[in-house]
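Everything below concerns the one structure shown next.
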Amino acid sequence: MIADGVVDEDKWLSAGIAGLQQNAFYMHRALDSNNLRDALKYSAQMLSELRTSKLSPHKYYELYMRAFDELRKLEMFFKEEARRGCSIVDLYELVQHAGNILPRLYLLCTVGSVYIKSKEAPAKDVLKDLVEMCRGIQHPVRGLFLRSYLSQVSRDKLPDIGSEYEGDADTVMDAVEFVLQNFTEMNKLWVRMQHQVGVILLIKSFILLADHELRLGIGISRLQGLAREKEKREKERSELRDLVGKNLHVLGQIEGVDLDLYKEVVLPRILEQVVNCKDEIAQFYLMDCLIQVFPDEYHLQTLEILLSAFPQLQPAVDIKTVLSQLMERLSNYAASSAEVLPEFLQVEAFSKFNNAIGKVIETQVDMPAFGAVSLYSSLLTFTLHVHPDRLDYADQVLGACVKKLAGNEKLEDSRATKQIVALLTAPLQKYNDIVTVLKLPNYPRVMEYLDYETHKRMATAIIQSIMKNNTQISTAEKVEALFELIKGLIKDIDDSSNDEFDEDDIEEQNSVARLIQMLCNEDPEEMFKIICTVRKHITSGGQRRLPFTVPPLVFSCLKLIRQLQGRQMEGQDENPFGDEGSTAPKKIFQLLNQTVEALSSVPAPELALRLYLQCAEAANDSDLEPVAYEFFTQAYILYEEEISDSKAQIMALHLIIGTLQRMHVFGVENRDTLTHKATGYSAKLLKKPDQCRAVYACSHLFWVDDQDDVKDGERVLLCLKRALRIANAAQQMSSATRGNTGSVTLFVEILNKYLYFFEKGNPQINVASILSLIELINTEMQSDSTTPDPAADAFLANTMRYIEFQKQKGGAVGEKYEPIKKKYLELDTY
């Protein structure tokens, strides 16, 4: 059926164009022969093709444009006739004898254009006559195109200020009255299209529903067809809306329409027509057109009048879009120059917008959350541009939004959620300072309405803003407010606490960690409060997050301890934590112990061990032996009870050895205990090569350069000899299982340790022991069972070159290396 309708419409259009072209041909022939009577005859017949009611607006426009082109040629002929002495008044009366009213009015408008241009009569009189006579066409489509033609031919002939058609006083008012009257009539025709189809649909529906047999015979599909017909008519109206809107564009271009005239006449007349038409399509389009056409200054000065119309619009009108566009335009106007800001203050723009939005929301009780939040988002953007220093205004908008959303737990509408994100993002982008945003009490209350995932994205945006602008958050009160704001990243709000973190979750937690590292205050007391505040939040946020959030908190504590040490070194002995100065670091270390202990619930033993060792080093620098010993004890417990993976054990053990080697705070008894434990762990590693390396690493625990009381050469030698025995055992095991002894890398590594302690002056490491080890390496390398290893060969060659280099230095170092016989430096390493 639809396809048949389209074919028929194309057929009717082709027939109309054919008739129009045929009569246009005869009209041109009459024009060429200066035959006025035949020209009017055929032009009237040509324009009669526009009387059709069978074409849609789109097809009718195509036919109209062809007629319009021909009328332009006819207008030029009339101008020539006037120049040749033909009376325009007579011509103006002559065309009124056309048989049909529609061709008559088109011809009248064409001659009227020439009439005005000839200035034989005042423009206002001709225009008034034309606009009144066009009332003769009440068919919506035909009437709209006729009045559009009138507007088109008269727009450059209005009696405006400075125009050649300017007349006596109130000439601008005449032009305004003409355009307003034409606009009013066109809008009535445009709206009538909808009401006509509405009446038809109502009658048809009533007949179908009332007659049972007819309803069964035709079927319910007919009702669906009627609905499609309504949609089709609305689409047709949408295609014609620009014809109506052009009148407002013409009004906006009239030079004489100043602010007073606009305020007293133009705006009230337009709004009266918009409100009274009671058509949602017309009201939305005309309000939007009104906002776009006239200057921002006019809107600002007539804001109260303009806003008073919004609550009177139909409930189905998309008011949020129109109001948002108005606020956006005025925001851009405010941003264009600081000189216009006093105007906004003078007219109290914020209060008027706020009241208008409140009335609209109150009037439209069925407005969805999406619409209300959109309005408040636009109002907040407007407020931030016009009144950036008025935080109370911004918070008032947020509070109104909270009031509207009251009763909703979480928004499920994605559009509303998107608008809330825009609402919350606006202050961040404007101020670039989360500290300023935290001064808005209603800001976190709005965030409560976001779902969990959106809440996390918003929190991430807040942290990114802090990072980008390097915002300093330096008080515990602000940190408390901030962490409440980003709690979506710090604790589980829904039931996802048992889910594994994906890459996005990990990146979110890394951003929280970076945020914690940025928190700082030069006052130790306030910094300690900040640390306690952060710890309160992260320890209640779930086990999954602790491996990401505990380390930065630990290092913030360690940084505070070093800050206190620096103050003490500078002679600032004030204790911010109490009367006893010695308790200051201890309080922090107690907090550290409790914080790292929280990782045991994850579990994350490797991370906890690293942090315990870091804390032990800090306690060492603070000369707190009991505290440092306790941290080492906790590290050892983790190693024994929690770390079972062999690779993790190796890494952990080397960290323990390295940290313990740097400790200077321990007395003999505590150090021996810890050292004994470390060497015992080394001998219990699973693989022999790992045992060997751990044991010779323990030799450093008995010889520390900057500690005279830790220089036990015998125990160093015992460690190295034990490492040699383990390396030899590894060779034998390899020979028994694989048929070869493997590489000599372990022996070369031990040789380097011998050389290290030899240089450091360990009396137990002498030339003989070094030569003996070199000979052992040489013997192993010459053995047929040794597996060739180019890396080990290169390692040994570099070691030999080092010995030769030390000999060539001369002095005390050269004398020390001189006894090493040259023949061992010429070992065949291949």
Side-chain angles (χ1 to χ4, degrees), residues 40 43 47 68 71-98 101 103-137 143-187 243-258 260-262 264-266 269-270 273 293-294:
L40 293 177
S43 62
L47 293 169
F68 180 82
L71 286 173
R72 303 306 289 176
K73 299 172 184 177
L74 185 62
E75 182 182 1
M76 294 175 63
F77 172 76
F78 289 153
K79 290 178 182 178
E80 291 296 327
E81 286 294 300
R83 275 196 288 269
R84 284 196 291 264
C86 178
S87 173
I88 296 299
V89 177
D90 295 340
L91 188 59
Y92 188 72
E93 293 183 359
L94 180 62
V95 295
Q96 297 185 41
H97 295 288
I101 187 171
R104 181 193 316 155
L105 292 176
Y106 271 106
L107 290 173
L108 195 63
C109 291
T110 306
V111 177
S113 172
V114 180
Y115 194 8
I116 296 173
K117 200 169 184 64
S118 68
K119 302 178 183 178
E120 294 184 15
K124 64 176 183 178
D125 294 339
V126 179
L127 291 174
K128 184 178 180 179
D129 188 40
L130 291 175
V131 77
E132 289 289 344
M133 296 186 70
C134 284
R135 290 187 178 184
I137 302 297
L144 281 172
F145 278 97
L146 172 63
R147 288 188 173 275
S148 176
Y149 179 71
L150 172 61
S151 177
Q152 184 73 21
V153 298
S154 63
R155 63 186 305 169
D156 59 342
K157 301 174 182 66
L158 297 176
D160 191 9
I161 293 178
S163 167
E164 60 179 303
Y165 307 104
E166 180 180 5
D168 300 330
D170 297 329
T171 181
V172 175
M173 192 61 209
D174 295 326
V176 169
E177 185 62 34
F178 165 76
V179 178
L180 284 174
Q181 188 174 348
N182 198 46
F183 160 72
T184 301
E185 294 299 326
M186 289 184 74
N187 188 51
L243 299 181
V244 183
K246 283 180 181 179
N247 290 280
L248 299 184
H249 284 274
V250 173
L251 274 174
Q253 294 171 355
I254 297 177
E255 294 291 336
V257 178
D258 55 12
D260 292 334
L261 183 58
Y262 175 78
E264 299 296 332
V265 178
V266 176
R269 289 277 296 277
I270 294 175
Q273 180 59 33
V293 166
F294 292 100

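Heads up: numbering here begins at 1 and tracks the sequence. Note that the structure is predicted; figures quoted are calculated from it, not measured.
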Review point. Does Lys246 have any side chain to side chain donor-acceptor pair (under 3.5 Å) partners at least two apart in sequence or in another chain, and if so, which?
Key: none
Exercise for review: Just jot down the side chain to side chain donor-acceptor pair (under 3.5 Å) partners of Asn187, sequence neighbours excluded, or say none.
Suggested key: none
Check your understanding: Quick one: does Ser154's side chain get under 4.5 Å of Leu130's, heavy atoms only?
Key -> no
Review point. Quick one: side-chain contact (heavy atoms from CB on, under 4.5 Å) partners of Asp156, sequence neighbours excluded?
Key: none
Mind listing the side-chain donor-acceptor pairs of residues 88-96 below 3.5 Å, one per line with the distance, residues two or more places apart or on another chain?
unit_1 : atom_1 : unit_2 : atom_2 : d
Asp90  : OD2    : Ser87  : OG     : 3.4
Tyr92  : OH     : Asp129 : OD2    : 2.5
Gln96  : NE2    : Tyr92  : O      : 3.2

Practice item. Using the test side chain to side chain donor-acceptor pair (under 3.5 Å), find all partners of Glu177 that sit at least two apart in sequence or belong to another chain. Key: Arg269
Check your understanding: Are any non-hydrogen side-chain atoms of Thr110 and Val153 less than 4.5 angstrom apart?
Key -> no
Review point. Hey, is the main chain of Val131 close enough, under 3.5 Å, to the side chain of Arg147 for a donor-acceptor pair?
Key: yes
Point to revise | Residue list, side-chain contact (heavy atoms from CB on, under 4.5 Å) with Gln152, at least two apart or on another chain | key: Phe68, Arg155
Point to revise | Listed partners of Arg135 passing salt bridge (Lys or Arg N to Asp or Glu O under 4.0 Å), at least two apart | key: Glu132, Glu185
**Study point:** Test salt bridge (Lys or Arg N to Asp or Glu O under 4.0 Å) applied to Glu255 - qualifying residues, sequence neighbours left out
**Key:** none
Please list, one pair per line, the donor and acceptor atoms closer than 3.5 Å that link side chains of residues 77-85 to other protein atoms, with sequence neighbours excluded.
unit_1 : atom_1 : unit_2 : atom_2 : d
Glu80  : OE2    : Arg83  : NH2    : 2.3
Glu81  : OE2    : Arg84  : NE     : 3.4
Glu81  : OE2    : Arg84  : NH2    : 2.1
Arg84  : NH2    : Asn34  : OD1    : 3.4

**Study point:** Pairing residues for Phe145 by the ring pair (Phe, Tyr, Trp, His ring centres under 6.0 Å) criterion, not counting sequence neighbours
**Key:** Tyr60, Tyr64
Exercise for review: Only counting residues at least two apart or in another chain, list the ones meeting salt bridge (Lys or Arg N to Asp or Glu O under 4.0 Å) with Lys128.
Suggested key: none
Point to revise | Qualifying residues under salt bridge (Lys or Arg N to Asp or Glu O under 4.0 Å), relative to Arg104, sequence neighbours excluded | key: none
**Study point:** Gln253 vs Val293 side-chain heavy atoms within contact, under 4.5 Å
**Key:** no
